[in-house]
Structure formats: C-alpha cells, structure tokens
Amino acid sequence: MSQDEDKSIDFIREAINDDLKSGRYTKVHTRFPPEPNGYLHIGHAKALTISFGIAEEYGGQCNLRFDDTNPAKENIEFVNSIKEDIHWLGFDWEDREFFASSYFDKLYSWAIRLIEKGKAYVDDQSQEDVKENRGTLTESGKESPYRNRSVEENIDLLNRMKNGEFPDGSRVLRAKIDMASPNMNLRDPVMYRIIHEPPHHRTGNKWCIYPMYDWAHGQNDSMEGITHSLCDLAYENHRPLYEWFLDELGEYKPRQIEFARLNLSFTVLSKRKLLRLVKEGFVKGWDDPRMPTLCGLRRRGYTPEAIKDFIKRVGVAKNFSIIDVALLESAIRDDLNLHSLRRMAVLKPLKVIIDNYPEQQVEELDAENNPGDPEAGTRKIPFSRVIYIDQEDFRETPPPKYYRLFPGNEVRLRYAYYIKCTDIVKDNNGEVIEVHCTYDPDSYGGKSKDGRKVKATIHWLSETQARSAEFRLYDRLFLEENPEDGEDGFLSCINPDSLTILNGYVEPSLSVAKAGEKFQFERVGFFSVDPDSTAELPVFNRTVSLRDTWSKIEKQQQNQ
RNA sequence: UGGGAUAUGGUGCAACGGCAGCACACCAGACUUUGAAUCUGUGGAUCUUGGUUCGAAUCCAGGUAUCCCAGCCA
C-alpha cells in the first residue's frame with residue numbers, strides 16, 4: 001500500500017481502507033470492463049487509471065474484462081485496439097484477460113436458479129407493451145400478465161429462447177422484483193433478450209439470447225472474485241439491482257463504488273458524437289490528432305506519463321465536473337519540457353541575407369540538445385550567409401515592446417551571432433521577401449565580446465542545409481467551452497481552423513526522424529513525428545505550443 | 001413532495017467540529033543565449049435560510065441549483 005505523500009486520499013481509497021480494516025474484504029481485486037464497441041478515449045484513461053492504479057497500490061490485481069454482451073455492436077478490432085491502448089498507458093492484466101461471453105453458460109445456469117426461486121419469468125409482451133407497462137418516473141408500472149407463469153413453463157420457454165425457436169424481440173427473461181419501485185431499474189428489469197444476428201465475435205451462433213448489462217456485470221464481477229467494482233456515477237441507480245441479483249443468488253458480492261466520469265472543456269467524449277466526427281469527415285479518423293481518443297492523443301504526441309499525470313491532477317470525486325483542457329496541456333508540457341530534445345525549425349520561412357558574411361563559408365556551431373539537461377549533450381548545426389528565420393520574428397514596423405528583428409535592431413541568432421537589420425526587399429505586393437543584415441564576427445556562439453545585450457534571441461536555419469518539412473498545427477476542435485451541450489450543438493461550433501498545415505524547414509538531422517519521436521522546436525512548441533512522414537518529407541504534428549507571453553502582450557495592445 | 005447523487009476562488013481537488021489549502025488558469029516581478037523553462041509574489045471561494053455549538057465548509061432542518069434513471073444499450 002502506498003503511504004500517500006500528501007495524506008489526503010480520495011473517497012474510494014478511503015472506502016477500501018475501511019473494507020480492509022473491517023475485514024469485509026481481505027485483498028483488493030478490481031476490473032476494467034470496456035465494451036469492445038469503440039476506441040478508448042481520455043475519459044476511459046481515468047477509469048482505467050483508477051482501477052489498475054488502485055489494484056497496483058494495494059498489491060492487488062486488476063482484470064481486463066470485455067463486456068461483450070451485445071453482438072450487434074461489438075467486434076474483435078475494438079478488442080485489439082483497446083488492449084493496445086491499455087498497454088500503451090503502461091498497465092498490464094497479465095493472464096487475466098476475460099470476456100463476459102466466456103461466462104454465458106454459467107450465467108445461464110444462474111438464471112435457471114433464479115427462475116426456480118420464482119424470481120425470474122419469461123415475458124411474452126411486445127416491446128411496446130413492456131415500455132407502456134413500465135410506468136413513468138412518477139407513476140408506478142403494471143405487472144405483466146405473464147409474470148406468474150410456472151417455474152416449469154419459464155424454464156421450458158427460456159430453453160427454447162436459447163435454442164433459437166423464437167424470433168428477435170418476441171420474448172425476454174425478466175427479474176421479478178417490483179413494478180412499483182421508485183427506482184426504474186427495479187421494475188422487473190430484462191435479463192435476456194433474443195438476438196439471432198449478427199453472430200457474436202467470439203461465440204458465433206451458439207447463443208440466440210444475450211444477457212443485458214445488469215444481468216452480466218455483477219455476476220461476472222462475482223465469478224471473478226472482484227472486491228471493488230469501480231464505475232461511473234451513471235450506475236449508481238443500478239447498484240440496488242447489482243446487489244439484488246447477487247443476494248437472491250446467494251453468491252459472493254463485490255462492492256460497487258461510483259465516481260464522476262471525466263469531462264473536458266472544448267472536447268466531446270460521448271461515443272455517439274465522436275463517431276459522427278469520424279463518419280461525417282470532420283476529422284480524418286479515430287486517430288486524428290485532434291481526437292480525444294488515446295490513439296489520437298498518441299499520434300498527437302502525448303505521452304502515457306503525461307496522461308497519467310493529468311489523471312492524477314484531476315483527482316477522484318463524485319461531483320459532476322468539466323476539467324479545463326489547459327490542465328491536460330500543462331501536463332504534457334511538463335513532461336515534454338523535461339524529456340524532449342531541442343531542435344530548430346522554421347515554420348513560415350523568411351529569407352535573411354547576412355551581407356558581411358563570407359559567401360562560401362559554412363561554420364558548424366555547437367547547440368545544446370536540452371539546456372535543462374546537460375546529459376542530453378550537444379549537436380552541430382551549420383551556419384552560412386543565407387538563412388531562414390520565422391516570419392513572426394520580423395516586423396517592418398514593430399509594435400511597442402517588440403524585441404525581435406526590425407530595421408535598425410540587433411538580435412541574437414540562437415547559438416550563432418548577433419545580427420542587425422540593415423535593409424529589406426519587397427515584392428510587387430509590398431510583402432517583405434528578403435531581409436538584409438550584418439553580423440558581428442565578435443559574437444560567435446551568441447556571446448558578444450563587449451558584453452552588450454540584445455533583447456531577443458531568435459531561431460534560424462541555414463538555407464542550403466535546411467530540409468523541407470510539413471508542420472501540422474492543431475488547435476482545439478470546438479469553439480465552445482462545452483460542446484456536449486445539446487445534440488447537434490457540437491457540430492455547429494466546430495473550429496474551422498483546428499488544423500493548419502505549413503511547409504517550412506527543419507535541421508538536417510531531422511529528415512531521418514522516426515514516427516513518434518518528439519522534439520521541442522525552440523520558441524515554437526512540442527512536435528511529434530507523424531507516421532505520414534516520408535524520406536523526402538518528414539511530417540511533424542504540433543502536440544502543444546509553448547506558452548506565448550508575447551502573443552498575450554500583443555493581443556492586449558490590440559484590445560486597447 | 002417520484003427515486004438516487006452532488007454543491008468550496010475562473011476550473012478541478014483537499015480540509016472529516018478548531019487559522020479554508022493545493023494544482024491549473026489569471027495578474028505582477030526576478031532571471032534568461034527559447035518572450036519557454038525556473039523562481040518570487042498578488043488577488044480572488046465554502047449554494048441559500050434557519051438551528052445546534054465557545055467555535056460550523058464540516059452536524060441538524062427547510063429551500064434552491066445541477067447531474068443520473070422511464071433501451072430488449074453499456
């Protein structure tokens with residue numbers, strides 16, 4: 001067990017501590033139970049980190065169990081992607097990979113047991129009638145006319161349902177509880193429904209009946225000896241049913257504890273909405289770097305460490321909450337700042353000619369790979385007469401407090417020399433296309449001999465050695481802080497500029513960077529190499545920009 | 001009077017009858033060969049009304065707001 005550095009622990013760990021102390025349970029065994037009907041996203045990362053993390057902390061175990069009780073929605077590809085994503089985050093279930101479908105036989109025998117106890121019955125009502133007779137939130141329901149069939153008839157009917165004698169929707173098995181219960185989940189909930197097609201991805205056509213969530217989840221938890229079944233607040237209303245089944249069966253009963261799911265500002269997390277983003281082409285796929293899916297975040301350049309750190313910062317509670325995406329960005333910046341190598345890249349090139357620098361000369365200058373980490377070493381970067389700088393680092397007429405290059409001003413080229421702007425060349429449209437400078441030979445390496453200071457240091461690339469590269473700059477997908485509001489609202493607040501593609505240059509060494517490698521482009525942001533990269537054209541995804549104080553200052557100036 | 005849950009700075013999370021604290025965000029400054037990072041500092045919160053108590057974010061009662069529940073989805 002971890003003795004938390006900070007003594008405060010969340011309510012789940014508190015409950016587990018109580019259970020261990022009281023002897024209600026003698027170990028901790030959790031489970032992560034995804035339905036294989038979609039990709040894992042950042043919200044799942046929270047659930048997963050809680051269940052796997054708590055098991056780890058208490059020296060217990062966490063099972064991976066696929067909740068595959070509905071063949072209409074599930075398939076093996078999702079099973080595989082889910083496993084990949086969990087492993088990527090750094091969690092492992094060892095040999096405890098389970099499927100709800102593996103328990104179908106045993107579950108069936110438990111259903112028979114309930115029927116024999118008179119606690120379950122086959123209902124022949126149509127779907128409409130079942131709905132009609134369930135009542136409303138304020139009115140109690142009506143009992144089914146089939147509610148009091150004999151045990152023998154119920155068993156016979158269920159058996160024939162299982163054998164495929166009846167069409168989809170014609171009958172269901174229901175628990176006999178209380179049609180007047182104020183908790184809708186207790187108004188004779190459906191246990192089995194008939195589904196002939198499609199075949200189940202694991203059991204094929206063996207089964208024609210499939211258990212509902214409520215008639216599978218708790219039972220599977222029990223069968224696996226789970227002690228703490230941690231889930232979403234949405235299942236709070238299901239807990240009485242979870243316990244009713246196990247009590248009636250007389251089986252071992254885990255404790256279900258619910259916590260608030262993760263919501264993120266400027267993000268949608270509901271499966272339906274994510275699906276529409278993909279299907280309707282607002283993004284390029286489930287792993288589009290703008291998606292909150294784990295595969296999307298991975299491609300964007302997020303690290304497992306940052307995601308886990310983020311989840312830790314979010315905390316665990318029962319309040320409905322919406323986390324500021326800035327917290328996620330802060331977590332990835334912290335991680336990448338510590339670990340990523342620095343490189344120079346020019347996203348929007350502007351040509352600078354250093355008139356007093358010898359025409360054919362090329363110098364190899366030393367540059368640190370990570371100023372914060374001397375162990376990261378240094379590299380050589382070529383310098384010559386013609387270089388590229390970023391357009392944002394030059395202004396013909398500088399606004400107040402602009403320290404970068406402008407006519408008459410001197411700046412430092414990172415790791416190289418001081419240069420002073422002497423002249424500019426414009427094209428027919430009046431756009432500056434060339435900047436002329438002189439350099440101070442006594443400022444080699446960026447240190448002036450006379451000790452004079454310059455306010456700005458800018459990044460650059462030597463024209464001849466620079467390699468072309470594509471930069472994909474991602475911004476938030478939605479303009480509204482809470483795009484989940486409303487059904488279609490999220491589509492109307494899509495950010496038209498969520499992706500900007502720029503063609504610029506990078507240091508020569510980066511042309512061989514491998515997909516997934518991460519760098520900080522100095523003064524620009526953190527980038528990760530995209531799998532779309534080719535030998536001719538490396539592609540860099542911007543994971544997150546650096547904090548940009550200047551743009552804030554400039555914005556303030558414009559607002560005045 | 002359907003049932004269940006939750007209310008603490010802008011956003012989250014703590015404080016478990018005894019000085020309301022932490023992170024992110026915001027703001028100011030120091031430092032800086034990244035206007036980054038780092039460091040220092042400022043401001044700002046207990047849903048509401050009553051009650052219990054020497055003392056209430058915490059306990060009690062009422063009110064209000066928000067979330068979940070009427071799938072043969074999970």
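Lettering follows sequence order; numbering is per chain, from 1.
Contact annotation for A:Gln520: base contact, defined as any heavy-atom pair under 4.0 Å involving a base atom. Residue contacts for A:Leu546: at a heavy-atom cut-off of 4.0 Å it reaches a base atom on one of the strands shown. In this structure, A:Gly169 reaches the bases: a heavy-atom distance under 4.0 Å links it to at least one base atom across the strands shown. Here A:Val314 lies in heavy-atom contact (under 4.0 Å) with sugar-phosphate atoms only. Among the protein residues, A:Gln127 comes within range of the nucleic acid bases, having at least one heavy atom under 4.0 Å from a base atom. Residue contacts for A:His217: at a heavy-atom cut-off of 4.0 Å it reaches no nucleic acid atom on any strand shown. When heavy atoms are screened at a 4.0 angstrom cut-off, A:Arg134 is found touching the sugar-phosphate backbone but no base atom. A:Ile553 comes within contact range of at least one nucleobase, with a heavy-atom separation under 4.0 Å.
One finds a side-chain N or O of A:Thr69 lying less than 4.0 angstrom from the OP1 or OP2 phosphate oxygen of B:A74. One finds a side-chain N or O of A:Arg193 lying less than 4.0 angstrom from the OP1 or OP2 phosphate oxygen of B:C73. Residue A:Thr138 places no side-chain N or O under 4.0 Å from the OP1 or OP2 atom of B:G3. Contact between the side-chain N/O atoms of A:Asn319 and the OP1/OP2 oxygens of B:G12 is not found at any separation under 4.0 Å.
With distances taken from any side-chain atom of A:Lys552 to the nucleotides B:G12, B:C67, B:C27, the minimum falls on B:C27. Comparing atom distances between the A:Arg523 side chain and each of B:C72, B:C26, B:U34 picks out B:U34 as nearest. Out of B:G35, B:C73, B:A5, the shortest distance to the side chain of A:Thr549 is found at B:G35. Picking from B:G71, B:C69, B:A7 the nucleotide with the shortest atom distance to the side chain of A:Met212 gives B:G71.
Across all strands shown, B:C13 pairs with B:G21; the Watson-Crick or G-U wobble distances both stay below 3.5 Å. As the counterpart of B:U66, B:A5 is assigned, both hydrogen-bonding distances of the Watson-Crick or G-U wobble pattern falling under 3.5 Å.
Each of A:Ala326 and A:Gln556 lies near RNA chain B, and the nucleotide nearest A:Ala326 is the one positioned closer to the 5' end. Residues A:Ser443 and A:Asn183 both approach RNA chain B. Their nearest nucleotides, taken by heavy-atom distance, put A:Asn183 toward the 5′ side.
Side chain to side chain, A:Ser101 and A:Arg202 meet the donor-acceptor criterion of an N or O pair below 3.5 Å. Under the 3.5 Å distance criterion, with hydrogens and angles disregarded, no donor-acceptor pair is assigned to the side chains of A:Asn220 and A:Arg31.
No aromatic stack links A:Tyr213 and the base of B:A74, using centre distance under 5.5 Å and interplanar angle under 30°.
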